[in-house]
2 protein chains.
Amino acid sequence: MRKTIIVFGLLILGLLLLFQFSKYAVISGDLDSEFTIAIIAVVFFFVGVYLNKRSLQKRHSASEDIDHKKIKSLNISKREYEVLLGISEGLSNKEIGEKLFVSESTIKTHVSNLLSKLNAKRRTQALQKAKDFNII
Amino acid sequence: MRKTIIVFGLLILGLLLLFQFSKYAVISGDLDSEFTIAIIAVVFFFVGVYLNKRSLQKRHSASEDIDHKKIKSLNISKREYEVLLGISEGLSNKEIGEKLFVSESTIKTHVSNLLSKLNAKRRTQALQKAKDFNII
DNA sequence: AGTGGTTTGGTACTTTAGTATGAACTGATT
DNA sequence: AATCAGTTCATACTAAAGTACCAAACCACT
């Protein structure tokens, strides 16, 4: 946030300076008007590109980031979420158990709880719903 | 493609006209230079935004579009691909069969072939690999 | 110290997924 | 006409997934 303000401040300052400079240059005849206009055009072109990229980046990350609030509202615990990630990696219950250093039985319990919390009948359906909810 | 060329042609034409107009306006004194510069700045700002949005859209769709060549190179048939989509929707073999009006046995055959073609051990792993390959 | 939520793990069971194999039919290609 | 790839389906089997239920241990909170 602070960074954004600083960047914008410098940007506005630079543009004001550019305006004043170009006005002076045209009036005093040091530069011809076409050249000045070209500089202005190029500068604003890149300003447009930059600002647009910024806003798109924000929108992009917002649509891809994990919705932690949704996870909480679904009452999915930390461990259950780790199991969900294991499922999304295509692991079997046994493999998830080995990864998390617990037994397959434990994973089965977590999976069963996950399915009921996500209102899914299968792990593949859980994946599909989890994607819809932006929690993976 | 034709659309793009027309748009760019009109854009360049418009900019050239703007240049000529602004030069005339400044020389003849009908407009002051600040106003002209402001117009140029605004126009190029939006040109920058527009072009950037275009290029990002292309890049975006390229990363999300389905890689049909990859599907072919993996020797995945039309029917097998339909089954893969069923899996990605979280359907069971039986449900996929009902959707495609064939028996569960047929779906099992397709799934088994899919798994070997994708070098996966489970349907969830097939999903993960299919995403990596950008084929779903 | 007791409560509630989480994590762990077990047994016993049902359901679904996946493999292996064989076979018949279709449509396009040569 | 013969071949090949794709689709269909079946049987019989093994493996994995999922359910239901129970129980112990843990941690944070009041």
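Here is the naming used below: chain letters follow the sequence lines, and residue numbers restart at 1 for every chain.
- One side chain, T106(A) or S103(A), offers a donor N or O that lies under 3.5 Å from an acceptor on the other.
- Look at CG on L84(A): it is 16 Å from C1' on dA17(D), rounded to the nearest Å.
- Taking 4.5 Å as the limit, some side-chain heavy atom of K99(A) sits within range of a side-chain heavy atom of E89(A).
- Per the geometry, CD1 belonging to I107(B) stands 11 Å off C1' belonging to dT7(D), to the nearest Å.
- Summarising the geometry of V102(A) relative to I107(A), their closest heavy-atom pair is CG2-CD1, 3.7 Å, with the distance given to 0.1 Å.
- Mapped onto DNA chain D by nearest heavy atom, L100(B) and K108(B) fall at different nucleotides, with L100(B) at the one closer to the 5' end.
- Of the candidate nucleotides dG18(C), dT19(D), dT8(C), dT19(D) has the atom lying nearest to any side-chain atom of L115(A).
- Regarding I96(A), its CD1 atom lies at a distance of 12 Å from the C1' atom of dA16(D), rounded to whole Å.
- Contact check for L84(A) versus I135(A): side-chain heavy atoms found under the 4.5 Å cut-off.
- When rounded to the nearest whole Å, the span between CD1 of I76(A) and P of dT6(C) equals 11 Å.
- Proximity of S103(B) to the phosphate of dA10(D): a side-chain N or O atom is located under 4.0 Å from OP1 or OP2.
- Among the atoms of the strands shown, only primed sugar atoms or phosphate atoms (P, OP1, OP2) are found under 4.0 Å from some heavy atom of S92(A).
- The nearest pair of heavy atoms linking L115(B) to A126(B) is CD2-CB, 3.8 Å.
- Atom pair Q125(B):CD and dA16(D):P shows a separation of 13 Å (rounding to whole Å applied).
- Listed nucleotides dG10(C), dT7(D), dG18(C) differ in distance to T109(A); the shortest reach to its side chain belongs to dG10(C).
- A heavy-atom distance below 4.5 Å is found between the side chains of L127(B) and K131(B).
- Proximity note for K78(B) (side chain, C-beta onward) versus dG9(C), dT7(D), dG18(D): the nearest is dT7(D).
- The residue S77(A) sits close only to the backbone: its heavy atoms come under 4.0 Å of sugar-phosphate atoms, none of a base.
- Both V102(A) and K117(A) lie near DNA chain C, and the one whose nearest nucleotide falls closer to the 5' end is K117(A).
- Within the 4.0 angstrom heavy-atom criterion, base atoms lie near T106(A).
- Computed from coordinates, the L91(B) CG to dA17(D) P distance equals 18 Å when rounded to whole Å.
- The phosphate of dG18(D) (OP1 or OP2) has no side-chain N or O of R122(A) nearer than 4.0 angstrom.
- In this structure, the NZ atom of K72(A) is 15 Å from the C1' atom of dG5(C), given to the nearest Å.
- Nearest to the side-chain atoms of S112(B) among the listed nucleotides dT19(D), dC9(D), dT19(C) stands dT19(C).
- Whole-Å rounding puts the I71(A) CD1 to dT6(C) P distance at 14 Å.
- Put simply, H110(B) has a side-chain N or O that comes within less than 4.0 Å of OP1 or OP2 on dT8(D).
- Remark: N93(B) is not in phosphate contact with dT16(C), judged by side-chain N or O atoms under 4.0 Å from OP1 or OP2.
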